Each structure stands twice: as C-alpha cells, then as structure tokens.
Amino acid sequence: MRTRVRGWRWRRNPLRRRSDVVEAWTVLVVAVLLFVVVPLVGVAAGLSAHGRAQALAEVQRAERHQVGATVIGDPPRRLSSTMGDREHPFRAQVRWTEPGKGTRTTWARVPTGTRTGDTVSVWLDSRGRGVAPPPDDAAVWQHAITLGLGAAGGAAGVVLVGRAVERRIALRHRLTEWERAWARTGPRWTQPRM
C-alpha cells in the first residue's frame, strides 16, 4: 500500500529540505501566474489591440469611399498571394464618373469572375487610388482576439520556461544538499563494525 501525504513540503518535518520549501513556493507562484496573470495579460493585450485596430478602421472608413465602376481594358490580372485578399484576388482597370470631377480611371481590386464591362464596387482613397475596403467589426475583433491569445501564450511560455529553469537549479541544489548530508552520515555507515 502506498500512503500519500498532502502538503508535506509545508509542514515542519526533519526530512524536509530547504529546496523542498523553495519548490513548494515556486509551484504556488507558477499556478498564480498561469491562472491569474497570464489571462490578464491576454485580455489587456487584446483590448489594447482592439482599441488601436478600431481607431485605424475608423480612420480608413473616413478616408475611403466606395463607388460603382465599370471594368475596362484587358481582362483582370491575378494578384500575387501576398498582395491580394481572398474576396478581391484580381486587379483590373476601372472607370467611374464623379459628380463635378468627370470621368476617372484607375487600377483596383475586383472579385473573382469579373469580366470586361462588368460593374463592380470599388473602394478608393482620398487621391482616387484603388484600395482594399476598410476592416469591418469582425476583422477588428479577429485581430484583437488573435493578439490577445498570442500575448497570453507568450506569457505562459515565459512562465513555463522560468519554471523549467528554476526546477533545474533546484535539482542541482537538492543534489548538493544530499551530497553534504551523505558526507556527514556516510562515514558512520561505511565504517567496519567490530
């Protein structure tokens, strides 16, 4: 049979070493860090990222406007995978008419399946260049949650690496304590008895 004693590292005990007490306190600190501090880091990073992303989205919504334009010229060309987005993976030359400014032409992102002569919705910046649509609320929240989870994961990683380093140092100290104790006790046990 095996008996398990809970909290033996906290009680006064002649077999308890100083390294046992340090390890017990370390486990308590790591638990608090993992279950309290790490989630708070994630929430704080997520809320901060949400605020910044929301402000950027509002600036982009104020700077950009949507117009209906007609695709002209050659068939749309596919963007490279790093430049395009999934909804608008092609670039085409488009033309539209603005009141008081006349007819304008630019290159803009268009949806898949667009042909010459089709009318598409195009987002333009203040200079009349074709740009991506401003991020919606779902994109802002997705950004915030991703950064929050990343920050929490990074903080948890730092805590766990710190715990591993502490455990290795504690093991080295524990072995040193055992060596000292054996140096005191060993000669009495290994002497020949007469």
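Bear in mind the structure is a predicted one, so any value in this text is a computation, not a measurement. Only heavy atoms go into these numbers, but all of them, side chains included; no hydrogens, no water, no symmetry mates.
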Could you check Val71 against Val120 for side-chain contact (heavy atoms from CB on, under 4.5 Å), going step by step and ending with a plain yes or no? CA-CA 7 Å; Val71 177; Val120 294; 4.1 Å; yes
Compare every heavy atom of Ala151 with every heavy atom of Val41, then report the nearest pair and how far apart it is. CG1-O, 4.0 Å
Report whether Leu147 and Leu40 are members of the same hydrophobic cluster (ILVMFWY, side-chain heavy atoms less than 4.5 Å apart, transitive linking). no
NE2 of His65 to CG of Leu124: how many Å apart, nearest 0.5 Å? 4.5 Å
Connected via hydrophobic side-chain network under 4.5 Å: Trp123 and Val67: no
Nearest atoms (heavy-atom pairs only) where Ala49 meets His143: O-CD2, 4.0 Å
Testing the basics here: between Gly117 and Thr70, what is the closest heavy-atom pair and its distance to 0.1 Å? O-CG2, 3.8 Å
Rounded at 0.5 Å granularity, tell me how far CZ in Arg167 sits from CZ in Arg174. 7.0 Å
Near Gln142 CD, under 6.0 Å, is it more than 12 heavy atoms from other residues, nucleotides or ligands? no
ILVMFWY network linking Val21 to Leu28, side-chain heavy atoms under 4.5 angstrom: yes
If the condition is salt bridge (charged side-chain N to carboxylate O under 4.0 Å, His left out), which residues does Asp118 pass it with, not counting sequence neighbours? none
Linking I/L/V/M/F/W/Y whenever any side-chain heavy atoms sit under 4.5 Å apart, do Val30 and Val158 land together? no
To the nearest 0.5 Å, what is the distance between CD (Glu166) and OG1 (Thr26)? 3.5 Å
Can you sort out the partners of Trp96 under side-chain hydrogen bond (donor to acceptor under 3.5 Å, both in side chains), two or more places apart, ordered by chain and number? Glu98
Less than 6.0 angstrom separating the ring centers of His50 and Trp141, yes or no? yes
Check against side-chain contact (heavy atoms from CB on, under 4.5 Å), Ile72 and Thr116: CA-CA 5 Å; Ile72 61 170; Thr116 303; 5.5 Å; no
So which heavy atom on Ala57 is nearest to which on Pro134, and how close? O-CB, 4.4 Å
Roughly how far, to the nearest 0.5 Å, is the CG atom of Leu56 from the CD atom of Gln60? 4.5 Å
If you group Ile, Leu, Val, Met, Phe, Trp and Tyr whenever their side-chain heavy atoms sit less than 4.5 Å apart, what else falls in with Leu149? Ile145
Considering residues at least two apart in sequence or located in another chain, which fulfil the salt bridge (charged side-chain N to carboxylate O under 4.0 Å, His left out) criterion with Arg52? none
Short N-O contact, Glu23 and Arg163, less than 4.0 angstrom: yes
With sequence neighbours excluded, residues passing side-chain hydrogen bond (donor to acceptor under 3.5 Å, both in side chains) with Arg64: none
Decide side-chain contact (heavy atoms from CB on, under 4.5 Å) for Thr105 and Arg95; before the verdict, give the C-alpha distance in whole Å, the side-chain angles of both, and the deciding distance to 0.1 Å. CA-CA 4 Å; Thr105 304; Arg95 179 179 294 149; 3.6 Å; yes
Between Ala183 and Pro187, the two heavy atoms sitting closest are O-CD, 3.2 Å
What residues form a side-chain hydrogen bond (donor to acceptor under 3.5 Å, both in side chains) with Asp136, not counting sequence neighbours? none
Donor-acceptor pair, side chain of Thr185 and main chain of Trp182, under 3.5 angstrom: no
Between OG on residue Ser126 and CD on residue Glu63, distance to nearest 0.5 Å: 6.0 Å
Under a single-linkage definition using a 4.5 Å side-chain heavy-atom cutoff for Ile, Leu, Val, Met, Phe, Trp and Tyr, are Val29 and Val159 assigned to the same hydrophobic cluster? yes
